[in-house]
Structure formats: structure tokens, C-alpha cells
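Notes follow once the structure below has been shown.
Given the structure is predicted, the values throughout are model-derived calculations rather than measurements.
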Amino acid sequence: MCEDEKKILKEIYDEFLQEKEDENRNIKKNSDRIEEIEAYLNSVRDDVDFKVFSPRSAENVFSDKIKEMEEEKLIIQDENKNHYHKLNQLNKKIEQLEKLLTNNKSLYNSNDIKVLDIQEKERQRIARELHDSSVQNLTHLVHTIELSSMFIDQDTIRAKLELENCIKILKDSINEIRETIFNLRPMSFDDLGFQKGIDDLILNAKSQFKDCEITYDVCKLEDEFLKTDKQEVALILVTIYRIIQEALMNALKHSHADKIILNVKSENKKCLIIVKDNGQGFSLEEITNQQKDKHFGISIMTERVNLLGGKIIIDSKPEEGTEIKVEIPLT
């Protein structure tokens, strides 16, 4: 196959992948909206207080709203049928192209695939976090505000209580969105560098997980690089930061530890990272063989280490805690 043909195939393949991503995004958006509608309808229909205290006019208002949202749900379901049909067609075309490309490995190298895989898993994680927290809170907020408006003339005390609940939900949602933004790109990392970024990461973690003691010792990695390309060094430092962030958050969220130790140092032109906890530990064999989807944080962390030409060792046993050791060349 000549180079021009390879290039054309690659362009077509990339276009199909982009279309597939767009269709998946549309399906996810519609599915989330259907869940929001169902949550809202269930909350209205099951709200005992509303049935007892709301005036008849309020019931009529909600009746119209229920009808409107049920109609919207049917429209969205029809849209998703079309999206699924198009997605199936795209998958067939992509599969056919992949068969042609398997004998032309030069079109994509392994690092390209790893980067794409990491990006897709990050998108999935962010989408899940937003959907499970902020989106559901804001959906509940809409219902609470509408309920409050019904109570204003009939029961002002109840209306005030509902509005106070709205304020709490809003504050929680704002904090969750801020947390997501911080995880995407900590501002201190851009402004003040790697060490300050880690300081803020630990500070943020301590504020969320007050029952866990976190001790850390981090060197100033910027001074250890032999590279002169500042942009390349910055990208490597961001990736190292992400590795540390993933290891730390995994320990905080899943280990049930009350003590975590983080060490980052430079030795023999290598960056050495150790994250150790005294938590419940886990079986590496079980995760490898049975629960890949549930523990893709470890997979992302491993892929990032591999991208930097490093090595990672995870030592963990049930009830004996976990120690993660990472070695990344700085040459």
C-alpha cells in the first residue's frame, strides 16, 4: 500500500472515530436527560408532603409539567434510536478499516493508542463524577425550587425551609464543580510549579478526608531535568503530577486508611515516587482478572508511567495496606 493510500485510510478512519465519539456523546447526553426527567417525575409523584400540603392549583401546575416532561422523554428516546442505528453503522465501517490497517502498523504507534485510551478513560471518569453528583443535585434543586414556589402563599415557613435546602444544594454543587475543575488542571501548577501543585493537592485532600493523616516529602523536580525544552518538561511534570494524584486519590477513596505517606525524590537521574497506606489492601490478581472496569484508575496510572518510559510496582495484600513505587527517567 502506497503512502498516499495509507494517508487517505488514516483520514477516513479518524473521521469515523470522531463521528463515533460524537454519537456516543449524544447518546450519553440524551440518556442523562432521560434519567433527570425520571428522577424529577418520581420525586414529584412520590412526595408525600407535596400531596398533603400543596393547593389544588399547584397540582395542576405539576400535572402540566409532568405531561410536558413525559413527551420530552419520548422524543429523546426516539432520537437515541437513531443515534444507536448510526453508531452500529459506524462500528461496522471502523471494523472494516481496522482490518485493512492491521497490516500497516506504521499508521499508529503504541504511544498514540495509549494517549487516546487515557483521554477516553478520563472523559468517562469526569462524566460519571458530574452525573453522579452535580447533575443529580441540580435536578433535585429544580424540584425543590418549584416546590418552594407552591408553598409561598400557603405555608411560608415550609417555603423558607425548602429555600434554605436549596442554598445548601447549590453550595454543595459549586464545591463539587470546583473540585472537578481543580482536578482537570490545578491553577497553582500553572502559576507556581510542580512543588506548589503537590502542596495544594495535599491540602485539598486533607480538607476532604479529615480522618486520614497524610505526610509527604516532595523535591523540586523542575531543577532535576536535563532537557532544555521547557514545554516538554512541563508536559512530563504534569504527567508525573497526574500519577501522584491518581495514586493518592485511590488510597484516600478506596483503602479506608488512616495514614498515607508520599515521597517524591530524585536519585541517579530518575524520579522516584512512593505512595504507601495502611488501609485494607486488595488482591492484584483479582483486579487483573475480574475487575478491570472498576479499577481503571490503576490502569490509567500504569499507562502514564509507561508513556514516560518508567516502571511501576504495586505491592498490596488484603488487610496489609498498599505500597506503590514508580520510577521515571529524567534524562
Side-chain angles (χ1 to χ4, degrees), residues 25-55 57-73 76 122-191 197 199-212 245 248-249 252-254:
R25 190 180 295 112
N26 288 331
I27 290 170
K28 180 69 168 62
K29 180 181 176 182
N30 284 345
S31 299
D32 288 347
R33 179 57 183 159
I34 289 172
E35 286 189 21
E36 291 172 20
I37 291 173
E38 289 176 344
Y40 176 83
L41 294 176
N42 291 335
S43 64
V44 172
R45 289 166 175 160
D46 297 339
D47 197 322
V48 176
D49 290 338
F50 171 74
K51 293 175 182 177
V52 173
F53 294 108
S54 64
S57 59
E59 292 180 0
N60 291 335
V61 170
F62 273 94
S63 176
D64 293 339
K65 186 72 172 179
I66 288 171
K67 183 178 178 182
E68 176 188 334
M69 298 191 83
E70 285 177 339
E71 290 174 353
E72 182 186 352
K73 178 181 173 182
I76 294 174
E122 281 289 285
R123 289 191 188 102
Q124 291 173 5
R125 179 184 64 80
I126 293 166
R128 187 179 68 247
E129 286 181 358
L130 288 173
H131 176 263
D132 291 347
S133 56
S134 302
V135 172
Q136 289 191 5
N137 281 343
L138 292 173
T139 302
H140 179 58
L141 181 64
V142 171
H143 167 55
T144 307
I145 291 173
E146 291 185 344
L147 194 60
S148 301
S149 67
M150 299 299 103
F151 286 126
I152 285 176
D153 296 329
Q154 304 295 323
D155 188 343
T156 54
I157 295 176
R158 176 66 188 275
K160 288 179 180 178
L161 290 173
E162 293 292 345
L163 287 172
E164 286 180 5
N165 189 34
C166 289
I167 293 171
K168 182 181 181 303
I169 294 172
L170 265 177
K171 287 181 178 179
D172 290 343
S173 298
I174 290 169
N175 288 334
E176 286 165 355
I177 293 170
R178 279 178 177 165
E179 178 66 23
T180 301
I181 293 170
F182 175 83
N183 289 334
L184 286 173
R185 182 75 175 188
M187 287 178 286
S188 60
F189 193 96
D190 291 325
D191 300 332
D199 288 340
D200 285 355
L201 173 64
I202 300 296
L203 185 64
N204 190 53
K206 286 181 176 180
S207 68
Q208 288 187 71
F209 301 89
K210 295 182 174 62
D211 295 333
C212 185
Q245 182 185 38
L248 183 65
M249 296 313 292
L252 288 167
K253 291 180 178 180
H254 305 300

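- At a threshold of 4.5 Å between non-hydrogen side-chain atoms, the residues S31 and I34 do not count as touching.
- A salt bridge is defined here as a Lys NZ or Arg NE, NH1 or NH2 lying under 4.0 Å from an Asp or Glu carboxylate O, and K73 with E70 fails to meet this definition.
- Between R33 and I76, the shortest heavy-atom distance links the atoms CG-CD1, 3.3 Å.
- Annotation: the span from N30 atom CG to I27 atom CD1 amounts to 8.0 Å, rounded to 0.5 Å.
- The line from NZ of K168 to CG of L141 is 12.0 Å long, rounded to the nearest 0.5 Å.
- Expressed to the nearest 0.5 Å, how far CG of L252 lies from NZ of K206 amounts to 11.0 Å.
- Taken from CD in Q208 to NZ in K253, the straight-line distance is 7.5 Å, to the nearest 0.5 Å.
- For E164, there are no salt bridge (Lys or Arg N to Asp or Glu O under 4.0 Å) partners two or more places apart in sequence or in a different chain.
- Here OG of S207 is found 4.5 Å from CG of N204. Values are rounded to the nearest 0.5 Å.
- To the nearest 0.5 Å, atom CD1 of residue I37 and atom CG of residue D32 are 11.0 Å apart.
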